[in-house]
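Single-structure report; data block below.
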Amino acid sequence: MPDVFLSSHIAGVTDAAEARFFEYMVDDVQRVLTGVRPRFRLVPRESIAP
């Protein structure tokens, strides 16, 4: 979809946390697609500093 920008939050990357990043992203996408509020706050692309 051309109007969608997905980005993971990568602050505090550790070996233990790295394995969970993909799982969290997939979970939130599935939640949104089924009408459930995402677990993590979504940030409009325009508010992300270059």
Partner set under side chain to side chain donor-acceptor pair (under 3.5 Å) for R31, not counting sequence neighbours: none
Joint cluster assignment, F40 & V26, ILVMFWY side-chain distance < 4.5 Å: no
Distance, nearest 0.5 Å, that separates CE of M25 from CZ of R39: 14.5 Å
